[in-house]
Amino acid sequence: MVDVHNLTCQTCNNVGLGDGSDGFFYCLRCGSQYEDVIDTAVDEDDLFNKGGDTGGGAAVYLRSQKRRRPVAIKAEPISQYDSQPNFIRNLGVDDETPLREREDFYTAQLDEPSPSVPADFGSVKVASFEDYHNEIRMRYVMGLQIMIELQCEALVKEFKVTPLICGLVGPIWLRFVSGTGVFDGDWADKVIHESEMQNQDEPEDYKLCPKYKTEPHNIFGQRAVMIWFRSLKKRIPLACTVAVSFLACHVAREAVLPSDMMKWTCEGKLPYFSAFVEIEKRMGQPSSACPISSSVMFRPQRAIPVPKLESFAASIAQFIGLELPPVNFYAIAYRYLKKLSLPVEKILPYACRIYEWSMPPDLWLSLSTNYFRLPTHVCVMSILIVAIRILYNINGFGEWEKSLSHNDGVKDSNEMGTNFASHDGPQKHELDSAGLLQHLQAKYNEIADTHEYSKDLPTYLKYCRDVVFAGSEPSYGNHEEESMIEYLWNFYQNEERRILGNKLVKQDVKRSELGEKSDVSFIEKRSRDKGCISRSRTSKEENMRTGFNEPSPNDGNSLEDDFLGSVSDDDSSKSVSEREDSYSDEQSSGKSHVKEAIRQMKLNMEENRFYYIPPSIELKTLDYIHYVRKKDEGALTYVAHADYYILLQACARIAQVDIRILHIGLLSLERRLEWLENRIDRSLHSKPSNISCQFCTVKATENGSDDIPGLSNLNI
């Protein structure tokens, strides 16, 4: 017969089971059912009856004799609150470091006989010291594990990340939790002792709050529950869930950036701020041994800065000894070029060559443990900028200033020439330097880092309900509040319809007014044309009658006389002067437009502490221009041409970094490339001084022994 008193619980690892009088055995500590043993209430002699006269099997269910029944394989999530033994076993604390023996709520209920009088049902078992810290620790760690599971699920379903991250995130998370030491046997006592050592005063008599009178306290009257909870949040902060998820994406070579993770968490697409609602659904309400609500335990107070997230992920990898690869340069660069709407097939191959040749250390996430280090995606964008500058020759030649002086007529003629050339054969349009800068300037104005919930009011209200005020519900039974919400929402919708209707009416009125004006102008033009035609016909008839001949175009008269017809000489000269004045006005307005554009560019650059450099007139060299930083009154000032600044600000907005940070990263990359070029040039021109090879020395060649040993034996 199986001794149930020596069996280990599959849930809490407690030794000893109790008979539940229903054929099953239950743990004396947590009350969970033991699945491998069933009491069949048969004679002991039937235990070894393999067949018998009846052909039946053994009467007692053992693990070796369990039935075989078809069970569908079900994919389980990486964490379940009822799968604590697997979690504890993976941490390595089930056999080597057993948990402290503690008394649970279910012990007295399972050990004592069934209640015989109604008064026994009212007895309440007070939780012990061990019950509190074990329940708080397990609920907090398992809740964070569920949050990671929800984030991986959202990354795979919503953002099409490879499902490989679900398998990678488990070992990373378990190794990190195991390294924090929160599951050590003396963790709870150490935390309480540290809290008492922080207070240098002598302990005094304190009065406990009646609400928390049954809870354990330290010698200064502080609640041990909150001391343990604060220690858990310090060792395993809530932000580590996003860092572990990002780390799994990085190991899986996904083009997911820290800025993406933080944007998705702020928008509510990645469970973080509102994950406590789903955690409470899966884990249930907290027990009396964990008197902390789910919103307090699992709801973050603020978002993580992007540099801190990358630094945190690198620190976790270093903490667990995880070797990280560099970022997926090709995928991230391809994504940036697509956002900039630039030709990928032209720029990306050259950028990959620069990456493979230089291999900058800034692309390794393992070096990002320093919070003040430049992010890895800044290095990716810096390589792209170098490739673009080389391909499009953006080196301060004033392409942007030249594009400002082009009037509309030149643009129209260029467009006509392009259209005309397209009829000759299929030609693919490629941007030149000026066209690239104009495109980047327009792209900079189009791109705006806005969140999805800010597009309209209904989306924002839904975001507030699901993320900002997650878990909040109207007062129970307060129908007046619900009716007020419905009334205000209907009022808003009616106002929206009224405003939209007024806009449509105004647009129709404007269209009708423009149509009437165009009709009037067209009628006036037709009348003027008819008057000119009638006057020209009258003058021609008079000339024919009087015998006066019209001058030919070769008589030295201007072409304006032929175009104006019967207009007098004074009127024609007056119109020509007016046209000359209008042309001079257009030139002056064009010059003022160029000056205004340059002035705005200077102001824009000064806001970011950049100093405008005029275009280079006398070009001393056509090489790559390296910009430097200057110290102006104790502060660093950046000097740059307008062409370079337009490229830099567009790329900085795409990468979601400050333009000066991107400029610093670009300067660092350029210094590395210059250092590599100098080293290669020095290596190519250097000659070895001492050669130890006997076949390469000068003495060997003087002896005339240029025959390689073994070649004389060959018959040729």
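Atom set for the values below is all heavy atoms of this structure, side chains included, hydrogens, waters and symmetry mates excluded. Note that the numbering runs from 1 along the sequence shown for the chain. The shown structure was predicted, so the numbers you read here are calculated from the model rather than taken from an experiment.
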Which pair of non-hydrogen atoms, one from Leu440 and one from Leu340, has the smallest distance, and what is that distance?
CD2-CD2, 4.2 Å

Between Thr162 and Glu254, does any side-chain donor sit less than 3.5 Å from a side-chain acceptor?
no

From Ile292 atom CD1 to Leu232 atom CG, the distance as rounded to the nearest 0.5 Å:
8.5 Å

Donor-acceptor pair, distance only, cut-off 3.5 Å: does the side chain of Asp260 make one with the backbone of Leu257?
yes

Begin from the C-alpha positions of His377 and Val657 and carry the test side chain to side chain contact (heavy atoms under 4.5 Å, CB included) through to its verdict.
CA-CA 9 Å; His377 62 278; Val657 294; 3.4 Å; yes

Would you call the rings of Trp187 and His133 parallel, tilted or perpendicular if under 30° counts as parallel and over 60° as perpendicular?
perpendicular

By side-chain hydrogen bond (donor to acceptor under 3.5 Å, both in side chains) - contacts of Gln285 (at least two apart):
Glu280

Rounded to the nearest 0.5 Å, what separation is found between the OH atom of Tyr463 and the CD atom of Glu267?
8.0 Å

Write down the atom of Ser259, the atom of Gln656, and the distance for their closest heavy-atom approach.
CB-OE1, 3.4 Å

Minimum heavy-atom separation for Trp173 to Val141, with atom names?
CZ2-O, 3.7 Å

Could you check Ile165 against Val169 for side chain to side chain contact (heavy atoms under 4.5 Å, CB included), going step by step and ending with a plain yes or no?
CA-CA 6 Å; Ile165 63 172; Val169 76; 5.7 Å; no

Quick one: does Arg299's side chain have a donor or acceptor within less than 3.5 Å of a partner on Ser274's backbone?
no

Under 3.5 Å, is there a donor-acceptor pair linking the side chains of Arg230 and Ser195?
no

Kindly assign one of parallel, tilted or perpendicular to the pair Tyr334 and Tyr330, based on the angle between their ring planes and the thresholds 30° and 60°.
parallel

Find out whether Phe312 and Ile304 are in side-chain contact, i.e. whether some heavy atom of one side chain is under 4.5 Å from a heavy atom of the other.
no

Okay, side chain of Glu310, backbone of Thr376: is any donor-acceptor separation there less than 3.5 Å?
yes

Suppose we call two aromatic rings close when their centres sit under 6.0 Å apart. Are Phe329 and Tyr355 close by that rule?
yes

Report the residues that fulfil ring pair (Phe, Tyr, Trp, His ring centres under 6.0 Å) with Phe298, sequence neighbours left out, ordered by chain and then residue number.
none

Side chains of Lys233 and Phe229 in contact at under 4.5 Å (non-hydrogen atoms)
yes

Check: Ile227 main-chain N/O paired with Ser231 side-chain donor or acceptor under 3.5 Å
no

Does the pair Arg223 and Glu215 meet the rule for a side chain to side chain contact (heavy atoms under 4.5 Å, CB included), with working shown?
CA-CA 7 Å; Arg223 296 175 61 193; Glu215 296 182 6; 2.9 Å; yes

Check: Leu155 and Cys249 side chains under 4.5 Å, non-hydrogen atoms
yes

Rounded distance (nearest 0.5 Å) linking atom CD1 of Ile354 with atom CG of Leu669
7.5 Å

Give a yes or no on whether a salt bridge exists between Glu194 and Lys190, defined as a side-chain N under 4.0 angstrom from a carboxylate O.
no

Mind checking whether Leu164 and Leu168 have side chains closer than 4.5 Å, heavy atoms only?
yes

Are the side chains of Ser245 and Ile148 in contact, using a 4.5 Å heavy-atom criterion?
yes

Can you tell me how far apart CG (Leu309) and OG1 (Thr265) are? Round to the nearest 0.5 Å.
8.5 Å

Does any non-hydrogen side-chain atom of Leu150 lie less than 4.5 Å from one of Arg282?
yes

Should Phe610 and Leu648 count as side-chain neighbours, where that means a heavy-atom distance under 4.5 Å?
yes

For the residue pair Met359 and Trp364, establish whether any side-chain heavy-atom pair is separated by less than 4.5 Å.
yes

How many angstroms lie between NZ in Lys269 and CD in Gln151, if you round to the nearest 0.5 Å?
15.5 Å

Keeping the roles fixed (side chain from Ser311, backbone from Pro307), state whether a donor-acceptor pair exists under 3.5 Å.
no

Answer yes or no: are there more than 12 heavy-atom neighbours, outside Glu278 itself, under 6.0 Å from its atom CD?
yes

Might you point out which heavy atoms bring Ile320 and Arg175 nearest each other, and give the distance in Å?
O-NH2, 2.5 Å

Please tell me whether Asn608 and Tyr638 have a donor and an acceptor in their side chains that are separated by less than 3.5 angstrom.
no

More than 12 non-hydrogen atoms from neighbouring residues, nucleotides or ligands closer than 6.0 Å to OH on Tyr460, yes or no?
no

So does Lys443 have more than 12 non-hydrogen atoms from other groups sitting under 6.0 Å from NZ?
yes

Is there a donor-acceptor pair closer than 3.5 Å between any side-chain N or O of Thr180 and the backbone N or O of Arg235?
no

Side-chain (Arg653) to main-chain (Tyr444) donor-acceptor, under 3.5 angstrom:
yes

Sort out for me which residue in Tyr140, Phe129, Tyr132 forms a ring-ring contact (aromatic ring centres under 6.0 Å, His included) with Trp228.
Phe129

Would you say the side-chain atoms of Asn134 pair up with the backbone N or O of Glu130, donor to acceptor, closer than 3.5 Å?
yes

Side-chain donor/acceptor of Asn218 to backbone N/O of Gly221, under 3.5 Å:
yes

Would you sort out whether Val378 and Asp362 count as a side chain to side chain contact (heavy atoms under 4.5 Å, CB included), showing the intermediate values?
CA-CA 9 Å; Val378 170; Asp362 297 335; over 6 Å; no

Quick one: does Asp184's side chain have a donor or acceptor within less than 3.5 Å of a partner on Asp186's backbone?
no

